[in-house]
Amino acid sequence: MSQDKTVLLNIKNLIIEGYSDEKWVGIVHGVDLKLHRGEVMGLIGESGAGKSTIGLAAMGFTKDGCRIGEGSSIEFDGMELTTTPQSDLQSLRGSRIAYVAQSAAASFNPAHKLIDQHTEAPLQYRIQKRLESQEDAMELYEKLRLPNPREIGFRYPHQVSGGQLQRAMTAMAMACRPDLIIFDEPTTALDVTTQIEVLSAIRDIVDQFNTAAIYITHDLAVVAQMADVIKVLLKGNEVEEADTRTMLSNPQDDYTKSLWAVRDFKRDQKPRPTEGSPLISVKNVDASYGDTPVLHDVSFDIYEGMTVAVVGESGSGKSTVARCITGLLPPTKGECLFKGTPLPPDYRDRSKDQLRQAQMIYQMADTALNPKVKISEIIGRPAQFYSGLTGPALKNRVDELLDLIELEPAQYYNRYPPELSGGQKQRIGIARSLAAEPTFIICDEVTSALDQLVAEGILRLLDKLQNELNLSYMFITHDLATVRSIADEVVVMQYGKVVEQGPKDVMFKPPHHAYTDLLLSSVPEMDPDWLTTLLEERGVDDIGEAAKANKRD
Amino acid sequence: MGDIISIIAKRLGLGLITLLVISIIIFFAVELLPGDIAQAVLGQGATEDNLAALRAELGLDRAAPLRYLDWLGSALTGDFGNSLVSKTPVAEAIGTRFGNTLFLATYAAVIAVPAAIFLGVLVALFRNSVFDRVANVVTLTSISSPEFFLGYVLILFLAVKTGLFPAIAKIDDDMTLFDKLNRTFLPALTMVLVVVAHMMRMTRASIINLLASPYVEMARLKGVPAWKVIVKHTLPNAWAPVINVVALNLAYLITGVVLVEVVFVYPGIGQLLVDAVTKRDFPVVQACCLIFAATFILLNLAADVGSILTNPRLRHPK
């Protein structure tokens, strides 16, 4: 990588404060950051570490309700951004410093065509005329390996897939050939196979134009592929900084080591019980939303006390299977059995006991818990409804459940969900499902909204509960690391069909079904050369969507 | 686009049923009014014989449901009957009056809608500033005062004291357009003041609602100036609720102007309706109410179609 060693961005003692409860509270406490031209720095840390806040501050921008504190200095190419007037800062943004947001789907304006949004900044700064700028956009689209580069820009955001949008947004950031791009978790919302495509496209283009970049992510394996230097943050403080290889092979701080160690949790795989019928059995299920068929002939079994992971990308029908099992979406063909007895297809026709047996935990604990209801009531409601508990018995049961999920009952009994952290909310979600005393729990992406350390705590808790209460889990996820740590059996889904299923150890060993292979090989590894090697092996045309199409049955 | 046509067809069908139900309700509501039509027409001095003769002539001696069915039958062929009072065809009586009402409503709308949206954008741009607060207070004051009061205040200051505009808005077909616009300026202004606040506040609210969205932040981070963020990046996505409020206010301009017409002696449909109700002139009341109901139905339909057309997802399917 060619780099001249001039400093492009020099942040000193950055303090950022947010206004809450009528006082200014520190979010970032004096972070230093030095970035050279053409260099890519990875910022990693959990949510609340201040990564995005620092990224935005590098553009002289703070979110509404935040401010840059006294004594901070942000020097961009010799210009002190903290004292520059807003109008000058504005003309810096988009032209010399650009931003790529986490969710391209939400960050493109739904009312305008992609190319009109692309050309907005060049036209504004009078760098190019409209036609010139459109021509340039098409060239960038081609460089980023978007399909139909001459035509795709004339579509609206909703007509383009997520991975393509993320690349179009990178192209947009490149429009004025900025010196610095802030990538704020650009691949977090994408499936693994799409992620590779976007990662390789971003890496190529940043290389090609020798653009400096700050790459913000919580995924270590991703940052290992992208960054020259890694800075680790914790709660608005710097933990340590080192070049990528040193950081990976020889982390100094305990916190960094704990981040690296997250992927160690692994429980022993249980074999299928030899006798008895499966607890839940999905038999030849077809389902559709309106006239659109979603599931085709899906069959798998879940035995008592076991964890079956259902993996696949978004749109593969994982959650739809869960809806069929719980009776929210009656299948158009086939049936679901509970201990050998067919369940009525519609949940309205099921008995209280049948309903009690299968419970759900959702991905977004934020939206799955009513913010205006006390914890005690959230957990107490199902206990009251299914077991008819009232008064002191109900309170005892709630205390018992809070104990189970390792939250101090006296402390949490009367609190409301918004007062809790993401991990605690997810624990409440677990307690709520346990309150019904189920034998079977569907966990729908329960850890994907959580930081790795917190997610690991949840996985350990679920494992402990399974051993104590002999629960069966259906674990819906797109994260293969989670599958590796907790599953006994794996069901791989694609386009609404089961493409492969079996015990975990067999599934993770070759030979694989072509699609399983693609999924497995697309999961980034900590090795900084992983992406390079993979691209050399496969070639740029055999990754992401193209590869998926090749591997379709 | 095929979807939109089928939506329009469905809604028009439902609208016809609504009109039918409304006509039944109006008919029997008029029936319930105390007093007697013949008495009302002929006045206190009428003899019993005269009254009976008139009742027979008007068909009032027959049962109410039968009269309703008669009316419905001829209405379906396009004949809305004759006014009980003036004996002239209803269509004739209403025609010019409704034309006048539409003229005034259009006049007010052409000023009010663009002004409200422009102000809405401005207060969203300068939100929480002095300008925002002043605009809010002024428009809220005007919406909170009754129309007749507003009307008299305008007459006092713009007609009586300064003589800028005529206080009486009587118009006829011989006038030039400019004359008409000058004559009707004060009633139009009164109505503008009454409807602007609602539309402006909705525009402001739906723009500000979108300011927290990621694409607005993206636009800011691209260096787009503040006014352009509002006009280009939020307004196109804020239309749906605004259009609905605009439609409701347009309907109000047509159906809710009785007081304004009375204050300015304007020959609109509102006055006609009030007169018809006092005289139990059922065919006129019925026709006016159906026109009002149809106005509401059509404007709401237009609002729905408008909201659909401003949504790029529906305009450009995958």
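Chain naming here is simple, since letters A, B, ... match the order of the sequence lines and numbering starts at 1 in each.
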Q. Checking heavy atoms, do the side chain of A:Gln117, its backbone, both or neither come under 4.5 Å from chain B?
A. both
Q | Option in A:Ser107, A:Gly94, A:Ala111 with maximal non-hydrogen atom pairs under 4.5 Å from chain B | A | A:Ser107
Q. Do side-chain atoms of B:Thr203 reach the backbone of B:Met199 as a donor and acceptor pair under 3.5 angstrom?
A. yes
Q: Taking heavy atoms only and a threshold strictly under 4.5 Å, list by residue number the residues of residues 289-303 of chain B that touch chain A; give 'none' if the list is empty.
A: none
Q | Test item: A:Ser133 side-chain N/O and A:Pro122 main-chain N/O as donor-acceptor pair under 3.5 Å | A | no
**Q.** Short side-chain to backbone donor-acceptor contact, B:Glu261 and B:Gly270, under 3.5 Å
**A.** yes
Q) Where do A:Glu17 and A:Ile27 come nearest, in terms of heavy atoms and distance? A) C-CD1, 4.1 Å
Q) Do any N or O atoms from the side chain of A:Arg155 and from the backbone of A:Leu114 form a donor-acceptor pair under 3.5 angstrom? A) no
**Q.** Interface residue of largest heavy-atom contact number with chain B, from A:Lys63, A:His112, A:Glu120, A:Met59, under 4.5 Å
**A.** A:Glu120
Q: Sort B:Lys232 into side chain, backbone, both or neither according to what part of it lies under 4.5 angstrom from a heavy atom of chain A.
A: both
Q | Heavy-atom proximity to chain B below 4.5 Å, by part of A:Ala106 | A | both
Q. Below 4.5 Å, heavy atoms only, C-beta onward: do B:Lys222 and A:Gln124 meet side chain to side chain?
A. no
Q: Please answer whether the main-chain N or O of B:Ser307 pairs with a side-chain N or O of B:Asn311 as donor and acceptor at a distance below 3.5 Å.
A: no
Q | ring-ring contact (aromatic ring centres under 6.0 Å, His included) pairs, two or more places apart, involving residues 198-227 of chain B | A | none
Q. Do the non-hydrogen side-chain atoms of A:Leu144 and A:Ile202 ever get within less than 4.5 Å of each other?
A. no
Q | Crowding at CZ, B:Arg201 (>12 non-hydrogen neighbours, <6.0 Å) | A | no
Q.
Looking at A:Arg93 and A:Gly60, would you say the former's side chain and the latter's main chain have a donor-acceptor pair under 3.5 Å?
A. yes
Q.
With a 4.5 angstrom heavy-atom cut-off, is it the side chain or the backbone of A:Leu56 that approaches chain B, or both, or neither?
A. side chain
**Q.** Contact origin within A:Tyr156 toward chain B - heavy atom pairs under 4.5 Å
**A.** side chain
Q: Looking only at non-hydrogen atoms, find the nearest pair between A:Leu92 and A:Tyr125 and report the distance.
A: N-OH, 4.5 Å
Q) Do B:Arg204 and B:Asn136 meet the criterion of a side-chain donor-acceptor pair at a distance under 3.5 Å? A) no
**Q.** Positions in residues 79-91 of chain A that reach chain B, provided some heavy atom is under 4.5 Å away
**A.** A:Gln90
**Q.** A:Gln166 (side chain) donor-acceptor with A:Ala101 (main chain) under 3.5 angstrom
**A.** yes
Q. Looking only at heavy atoms, what is the nearest atom pair of A:Leu165 and A:Pro157, with distance?
A. CD1-O, 3.8 Å
Q | Proximity of residues 103-125 of chain B to chain A, residues having a non-hydrogen atom under 4.5 angstrom | A | none
Q. With a 4.0 Å cut-off, would you call A:Arg96 and A:Asp179 a salt bridge?
A. yes
